[in-house]
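Have a look at the structure below, then the notes.
All of these numbers come straight from a predicted model, not from anything done at the bench.
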Amino acid sequence: MPELPEIETIKRVIGPQIEGLTIQRITVNRPEVIAHPSADEFCRRITGQIFTETRRRGKFLILCMDSGDRLILHLRMTGCLLDQSVIAGIGNIYSDEILFAARIHPARPANTLTAEEWNRLASVIPERLAFFIKKNKTTPEEYLETKGQDYRNTPFLQVYGHGGEPCPICGEILCRTVLGGRSSVYCPTCQKI
């Protein structure tokens with residue numbers, strides 16, 4: 001499922017293609033996904049609108065229209081980094097990568113971090129997200145050809161999905177654990193609790 005870097009890639013591909021276009025017809029195959037109003041009313045209101053801007057907020061893709069209405073697409077529902085009310089857009093993949101780069105154990109309670117660890121985390125979050133946004137860059141043609149499923153981050157992941165393999169920094173075997181129902185991979189040496 002896509003996370004913030006993939007949503008940013010989708011935004012950059014779709015935005016230039018739809019901005020300025022008028023919605024001529026809309027079909028809702030699953031009415032239960034429309035939160036408000038009813039699916040019929042939603043279709044009536046959206047038809048004839050012009051897309052003016054495409055934005056992203058965390059894992060939400062926001063399609064703005066000339067009337068001021070917005071169509072908000074949540075492409076995936078997701079410790080502290082996974083809490084979308086705290087930081088929007090970070091899921092398992094990037095949480096593992098960020099905590100590894102910041103040398104913070106995933107089981108550490110947020111209120112035990114030192115000022116230096118908070119500063120390190122604040123510096124690592126935008127750096128890692130920008131890195132993966134860059135690595136996921138794709139052309140509209142490539143995106144359509146792969147139906148948006150060709151995420152290019154896999155070769156660059158240092159710990160996510162590598163449980164049981166050697167740490168790329170120290171060689172210690174990476175551990176997989178479950179915290180709050182979410183899987184996490186970490187290095188017991190580089191990310192001491």
Side-chain angles (χ1 to χ4, degrees), residues 1-13 55-62 72-139 142-143 145-193:
M1 293 294 248
E3 293 186 25
L4 186 149
E6 290 83 16
I7 303 300
E8 180 65 23
T9 299
I10 292 167
K11 180 194 83 127
R12 291 179 183 185
V13 168
R55 292 185 279 164
R56 178 198 51 75
R57 168 122 170 81
K59 295 183 187 186
F60 292 90
L61 187 62
I62 303 169
I72 302 174
L73 306 175
H74 189 197
L75 301 178
R76 181 179 179 203
M77 196 75 180
T78 81
C80 186
L81 290 182
L82 293 174
D83 184 342
Q84 300 300 295
S85 67
V86 177
I87 302 174
I90 299 175
N92 292 48
I93 295 173
Y94 302 111
S95 175
D96 282 1
E97 296 299 311
I98 288 165
L99 291 173
F100 178 72
R103 299 183 316 277
I104 297 171
H105 193 284
R108 279 281 299 281
N111 64 359
T112 69
L113 297 181
T114 66
E116 192 275 326
E117 288 170 321
W118 278 114
N119 288 335
R120 195 165 60 226
L121 192 57
S123 149
V124 165
I125 290 171
E127 183 278 321
R128 290 283 78 197
L129 292 177
F131 173 81
F132 284 109
I133 288 170
K134 182 178 179 183
K135 294 302 178 190
N136 276 319
K137 187 174 182 180
T138 186
T139 66
E142 292 169 328
Y143 181 81
E145 183 179 311
T146 64
K147 296 181 172 73
Q149 299 299 311
D150 183 25
Y151 301 130
R152 297 165 181 205
N153 62 6
T154 306
F156 306 101
L157 297 173
Q158 294 187 291
V159 292
Y160 179 83
H162 294 284
E165 298 176 20
C167 170
I169 303 295
C170 73
E172 181 73 36
I173 298 301
L174 297 173
C175 297
R176 182 184 175 279
T177 189
V178 176
L179 300 165
R182 306 301 294 255
S183 123
S184 185
V185 176
Y186 67 96
C187 174
T189 301
C190 296
Q191 298 169 269
K192 289 190 184 296
I193 199 157

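In this structure, the separation between CG on L174 and CD on Q158 is 10.0 Å, given to the nearest 0.5 Å. Atom CG in L129 sits 10.5 Å away from atom CD in E8 (nearest 0.5 Å). Rounded to the nearest 0.5 angstrom, S183 OG and I93 CD1 are separated by 10.0 Å. The CZ atom of R120 lies 13.5 Å from the CD1 atom of I98; values are rounded to the nearest 0.5 Å.
Here the shortest heavy-atom pairing between I173 and P188 reads O-CD, 3.4 Å. Summarising the geometry of S184 relative to D96, their closest heavy-atom pair is OG-OD1, 2.9 Å, with the distance given to 0.1 Å. Scanning all heavy atoms of the two residues, the minimum distance from L121 to A102 falls at CD1-CB, 4.1 Å. Considering every non-hydrogen atom in both V185 and G161, the closest pair reads CG2-N, 4.2 Å. Counting all heavy atoms, side chain and backbone alike, R128 lies closest to E97 at CD-O, 4.2 Å. The heavy-atom pair separating H162 from L157 by the smallest distance is NE2-O, 3.2 Å.
Remark: the backbone N or O of R103 is not paired with any side-chain donor or acceptor of Q191 at under 3.5 angstrom.
For the pair F100 and I169, the minimum side-chain heavy-atom distance is below 4.5 Å. Using a 4.5 Å cut-off on side-chain heavy atoms (C-beta onward), H105 and Y186 make contact.
Between Y94 and F132, the two ring planes are tilted [angle within 30° to 60°].
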